[in-house]
Amino acid sequence: MATPNQRRTKGVTIVRPIVYGNIATPLPPRKTQETDHTHKWTVSVRGVNGEDISYYVKKVVFKLHETYQNPMRTIEQPPFEISETGWGEFELAIKLHFVPESNEKPVPLYHNLRLHPYEEDGTILSANKNKPVFTDPT
Ligand SMILES: O=C(Nc1ccc(C(=O)N2CC(c3nccs3)C2)s1)[C@@H]1CCCN1
């Protein structure tokens with residue numbers, strides 16, 4: 001009986017382009033007085049042009065800065081995103097976990113959360129692109 005690794009298709013490479021990053025908008029002044037948080041932000045992992053990635057991405061784990069409550073946030077269905085408020089910029093670790101039948105190891109990503117500069121409508125988008133590549137897929 002072949003093990004999953006032995007059932008791989010030699011010489012085939014599958015590329016799955018994804019986009020991950022954050023948007024951020026300033027909080028209204030009265031809100032910042034309560035918590036000193038100045039922005040609301042959303043960090044997300046998406047397919048290019050909004051393509052559904054849940055057929056191969058089983059879950060996404062976001063690791064926030066340790067000062068956030070429950071900094072390890074697991075999202076098991078799309079949209080794979082986390083929204084929070086805060087006052088500063090820091091590096092988030094993101095780990096993509098794939099469906100079991102892919103037999104692929106999780107892929108780590110890193111994103112520097114950006115709160116500045118604003119776009120004209122007050123939001124900023126800081127996005128990265130990545131292309132998890134699966135060689136000799138099952
Ligand atoms: O900003 C930075 N690190 C940050 C870590 C966490 C940040 C944040 O925004 N928050 C923690 C969360 C909470 N506040 C209260 C209770 S939980 C809101 S900011 C670095 C240092 C200067 C340059 N970049």
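Model, not experiment: these values are computed from the prediction.
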*Asks:* Supply the atom-to-atom distance Thr35 OG1 to Leu27 CG, rounded to the nearest 0.5 angstrom.
*Replies:* 7.0 Å
*Asks:* So how far is it from Gln69 CD to Leu64 CG, rounded to the nearest 0.5 Å?
*Replies:* 11.5 Å
*Asks:* Could you work out the complete set of other residues in the hydrophobic cluster of Val61, with links drawn between I, L, V, M, F, W and Y side chains under 4.5 Å apart?
*Replies:* Met72
*Asks:* Identify the two heavy atoms, one from Trp41 and one from Gly86, that lie closest to each other, and give their separation to 0.1 Å.
*Replies:* NE1-N, 4.0 Å
*Asks:* Quick one: pull up CG in Leu115 and NE2 in His39 and give me the separation to the nearest 0.5 Å.
*Replies:* 5.0 Å
*Asks:* For a 4.5 angstrom cut-off between non-hydrogen side-chain atoms, does Phe98 reach Val107?
*Replies:* yes
*Asks:* State the CH2-CG distance between Trp87 and Asp36, to the nearest 0.5 angstrom.
*Replies:* 7.5 Å
*Asks:* So do Thr42 and Asn22 actually touch side chain to side chain, heavy atoms under 4.5 Å?
*Replies:* no
*Asks:* Under a 4.5 Å cut-off applied to non-hydrogen side-chain atoms, are Val45 and Phe62 in contact?
*Replies:* yes
*Asks:* Output yes when a side-chain donor or acceptor of His65 lies under 3.5 Å from a complementary backbone atom of Thr67, and no otherwise.
*Replies:* yes
*Asks:* Under 4.5 Å between any side-chain heavy atoms of Ile94 and Tyr20, yes or no?
*Replies:* yes
*Asks:* Tell me the closest heavy-atom pair linking Gln77 and Ile75, and the distance in Å.
*Replies:* O-CG2, 3.2 Å
*Asks:* For Val48 and Ile18, which heavy atoms make the closest approach, and how far apart are they?
*Replies:* CG2-N, 4.2 Å
*Asks:* Report the distance from atom NE2 of His97 to atom CD of Glu104, rounding to the nearest 0.5 Å.
*Replies:* 13.5 Å
*Asks:* Which atom pair, heavy atoms only, marks the closest approach of Ile53 to Gly47?
*Replies:* CG2-CA, 3.4 Å
*Asks:* Might you work through the ring pair (Phe, Tyr, Trp, His ring centres under 6.0 Å) test for Tyr68 and Phe90, ending with a clear yes or no?
*Replies:* CA-CA 12 Å; Tyr68 280 91; Phe90 56 90; 5.7 Å; yes
*Asks:* Tell me, which pairs form a salt bridge (Lys or Arg N to Asp or Glu O under 4.0 Å) where one or both residues lie in residues 43-66, sequence neighbours left out?
*Replies:* Arg46-Glu81
*Asks:* With a 4.5 Å cut-off on side-chain heavy atoms, are Glu84 and His37 touching?
*Replies:* no
*Asks:* For Val99 versus Ser54, what's the shortest heavy-atom pair and its separation?
*Replies:* CG1-O, 4.3 Å
